[in-house]
Amino acid sequence: MAEYDGQLIGIVTVDEVDQNGEVGIAVLNEFQQNGIATALLDMSIDWAENYSQLTELILSVYVDNIAAVKLYRNFNFEVIATVSAKRAQYQMKRQLKKA
């Protein structure tokens, strides 16, 4: 979680699906573009690599969410599929390096 002045402003979750961790990140609009999502994602990757039994992280992101797609690519997530529904989404994954 990320807090500012006692207010919850961001959260990251990693839910186990088989031996994968499904990542979800949310940051309040007024706090976006301040590195919060980057810090939350970095923390979740560190936890997954050093303290979990997970083998990879997976996530879904809207194709038109350019900032989020860039963030995930900067952390070595790769697009593995594109799902077209009302709003197209990328399915992405990242292999974990185990210590």
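Position 1 is the first residue of the sequence, and the numbers go up from there. Bear in mind that the values here come from a model prediction, so they are computed numbers and not experimental data.
Every pair passing ring pair (Phe, Tyr, Trp, His ring centres under 6.0 Å) that includes a residue from residues 66-91 is listed here, sequence neighbours excluded: Tyr72-Phe77. Listed by first and then second residue, the side chain to side chain donor-acceptor pair (under 3.5 Å) pairs involving residues 18-40 are Asn29-Gln32 (not counting sequence neighbours).
Rounded to the nearest 0.5 angstrom, Thr82 OG1 and Met92 CE are separated by 9.5 Å. With rounding to the nearest 0.5 angstrom, the CG atom of Leu28 is 13.0 Å from the OH atom of Tyr4. Between the CD atom of Glu49 and the OG1 atom of Thr55 there is a distance of 11.5 Å, given to the nearest 0.5 Å.
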Going through the distances and angles, do Asp46 and Tyr51 end up as a side chain to side chain contact (heavy atoms under 4.5 Å, CB included)?
-> CA-CA 8 Å; Asp46 178 65; Tyr51 302 102; 4.2 Å; yes
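Between Gln95 and Glu78, the closest side-chain pair of non-hydrogen atoms is not below 4.5 Å. Between Arg94 and Leu59, the closest side-chain pair of non-hydrogen atoms is not below 4.5 Å. Taking 4.5 Å as the limit, every side-chain heavy atom of Val12 sits out of range of all side-chain heavy atoms of Leu41.
Between Leu71 and Ala37, the shortest heavy-atom distance links the atoms CD2-CB, 3.8 Å. Scanning all heavy atoms of the two residues, the minimum distance from Lys93 to Ile58 falls at CB-CG2, 3.9 Å. Contact record, Gly21 with Val14: CA-CG1, 3.7 Å, taken as the closest heavy-atom pair.
Hydrophobic clustering of Ile, Leu, Val, Met, Phe, Trp and Tyr side chains at less than 4.5 Å, counting indirect connections, unites Val61 with Val63. The hydrophobic cluster containing Tyr62 does not contain Leu40, counting ILVMFWY residues as joined when their side-chain heavy atoms lie under 4.5 angstrom apart, directly or transitively. Hydrophobic clustering places Val27 together with Ile9 (ILVMFWY residues linked when any side-chain heavy atoms are closer than 4.5 Å, directly or through intermediates). Hydrophobic clustering (side-chain heavy atoms under 4.5 Å, transitive across Ile, Leu, Val, Met, Phe, Trp, Tyr) keeps Val83 apart from Val79.
Heavy atoms from other residues, nucleotides or ligands lying under 6.0 Å from CD of Gln53 number 12 at most.
Listed by chain and number, the residues in a side chain to side chain contact (heavy atoms under 4.5 Å, CB included) with Ala48 are Ser52, Leu54, Leu57, Leu96 (sequence neighbours excluded).
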